Visitor: 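Can you read through this structure? Questions will come right after.
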Amino acid sequence: MTSTLVVGAGSAGCVVAARLSADPAHAVLVLEAGPVWASAALIPGPLLDPGHLPVGPESAVVWRYPGNLVRGKLIGGSGAINGSYFVRPPAADFAAWSAVVASPMWSYEAVLPFFAALETDRDFGTAPGHGAHGPVPVERTADPAPVSREFADACAASGFAEIADLNGYVGPGRTDGFGRVPLAVARGRRAGPALTHLYPALARPNLTVTGGTTVTRLLLRGSRVVGVEWSRGRGRGTTFADRVIVCAGAVESAALLIRSGIGPEPLLRSLGIPVVLPAPVGAWCTDHPEIGVEYPGPEPVRSTVALEYALELDDLELRPYTPMFTPGLRRLGVALMTPDTPGRLTLASADPTVPARIDQGYLRAEHDRARLRAGVRTAAELLRLPLGEIDDAWLRAHLGTSQHLSGTCRMGPADDRRAVVDPAGRVHGIDGLTIADLSVLPVPIRRGPQATVLLLAAVIAERHAV
Ligand SMILES: Cc1cc2nc3c(=O)[nH]c(=O)nc-3n(C[C@H](O)[C@H](O)[C@H](O)COP(=O)(O)OP(=O)(O)OC[C@H]3O[C@@H](n4cnc5c(N)ncnc54)[C@H](O)[C@@H]3O)c2cc1C
């Protein structure tokens, strides 16, 4: 029996564990740092409310990093606490991805059947390129909140096209238009990857999911991974496996590799970590910087998902949020989806309890600032807001993050000096070690990453099924 150890029961980990354990001859053990409830019925109700993002200072289910970055720390990972927006990137992003990794595996044509198999789209399930039998329920709001409706009316009045299906095929060229956001929700509940993938598989005798267990280091014998070291409360332990699939997310997957001696040589030496394999881990990453345009408005009358409509303007996404983040003020987010400046992840310490350092590189390129200024001007026109001059200081004062960090263990061919994993997620130079989460993304994508990370995990798991 082949044994696979999956690090992290987050968005990707849930998909990988469910797919691999479908084969009874394959033993799958998942180690998750956060809580794992024995059944879906035991998940605390507030975690299932898609109108509530449990990331405030009181939250016990997040990892926190400098710069206001958070990630989910529970079964389902960030997918269990996110905004439920479930949108596919346009075909052009897969063309760029496929070209960078020199493999047809990631072309739009190759990934489309995986997207379709993932979903039960209640609005477009029988349309070409869609699915009506997959695990993820997808729907668009039928009864938008006033703030969403007003935004849609303003977009239409300004001449923007309405796109009925934001998950439909978007060909090469501009992708402009506004529409209802496809959401991973069912019967008013957040349908995160734990509910859609892992819990339905949990009764399998060959699948074990253990919570409260942080993998601190990969165990390597020469250039082969043979298991992991972990900590659980005050306890420490070691688990061996035939292979390890790391799904700890864009921050913690990179941090785990670096702690294990796979990373930039100068960084490893400065941290006192013995070098196993020099690799560009953390040397590049990407995210979606977001400018918050605030304006006065009435309190919401009911709780709805955070985002019901979006306006796509090529590399910009405008987001009229339904909740109030500041009392009395509504917020329209202007996000830059393909920033020019990359970010960088490093560690300050080899101690796994010390959070990683992430420099997102936001607003460093004049091109990025110019695009965001253009987006803010469009937002001001739509809202009829007299914003005055939008200079760099104004942008900085209103800057936030979309929480979409990706690419710290970038995918690419073996001769690409920027690449950590190959197109199937296998770490170059280390046998038995794969990464299947958002850290392998090799290019910025023009939509939020949740649909993409499930796709990534499904494609990589298919390659690793025995
Ligand atoms: C607040 C918030 C809102 C968001 N909203 C949206 C949205 O609406 N739409 C969208 O498209 N995207 C959204 N995103 C982004 C999206 O949710 C994430 O990018 C995506 O879920 C990441 O998936 P992943 O599998 O790479 O990592 P994660 O889902 O973060 O999973 C990583 C898992 O690994 C575990 N782990 C980490 N380190 C270890 C370790 N050493 N040992 C054991 N376990 C470990 C973690 O606890 C976690 O469960 C949001 C993100 C956040 C934080």
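Note that the coordinates shown come from a computational prediction; the quantities given were computed from them, not determined experimentally. Order of listing sets the numbers, starting from 1, for every ligand and every atom in it.
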Visitor: Below 3.5 angstrom, do we get any N/O pair linking A33 and ligand 1?
Guide: yes
Visitor: Would one find an N or O of R259, backbone or side chain, under 3.5 Å from an N or O of ligand 1?
Guide: no
Visitor: Is it the case that ligand 1 has an N or O less than 3.5 angstrom from some N or O of S78?
Guide: yes
Visitor: Looking only at N/O atoms, are E32 and ligand 1 under 3.5 Å apart anywhere?
Guide: yes
Visitor: Side chains of D176 and D314: does their closest heavy-atom pair fall under 4.5 Å?
Guide: yes
Visitor: Does the N or O separation between L438 and ligand 1 drop below 3.5 Å for any pair?
Guide: yes
Visitor: Measuring from atom 5 (N) of ligand 1, which candidate in V246, N82, V36, L256 has the nearest non-hydrogen atom?
Guide: N82
Visitor: Say whether F86 and ligand 1 are in contact under the criterion: heavy-atom distance to a ligand atom below 4.0 Å.
Guide: no
Visitor: Would you say ligand 1 has an N or O under 3.5 Å from any N or O of V70?
Guide: no
Visitor: I want to know if ligand 1 touches W63 in the polar sense, i.e. an N/O pair below 3.5 angstrom.
Guide: yes
Visitor: Looking at ligand 1, does any of its N/O atoms fall within less than 3.5 Å of an N/O of Y85?
Guide: yes
Visitor: Taking N or O atoms only and a 3.5 Å limit, does L53 qualify as a polar contact for ligand 1?
Guide: no
Visitor: For atom 14 (N) of ligand 1, which of the options H404, R447, Q450 provides the nearest non-hydrogen atom?
Guide: H404
Visitor: Report yes if the distance between the aromatic ring centroids of Y169 and Y108 is under 6.0 Å, otherwise no.
Guide: yes
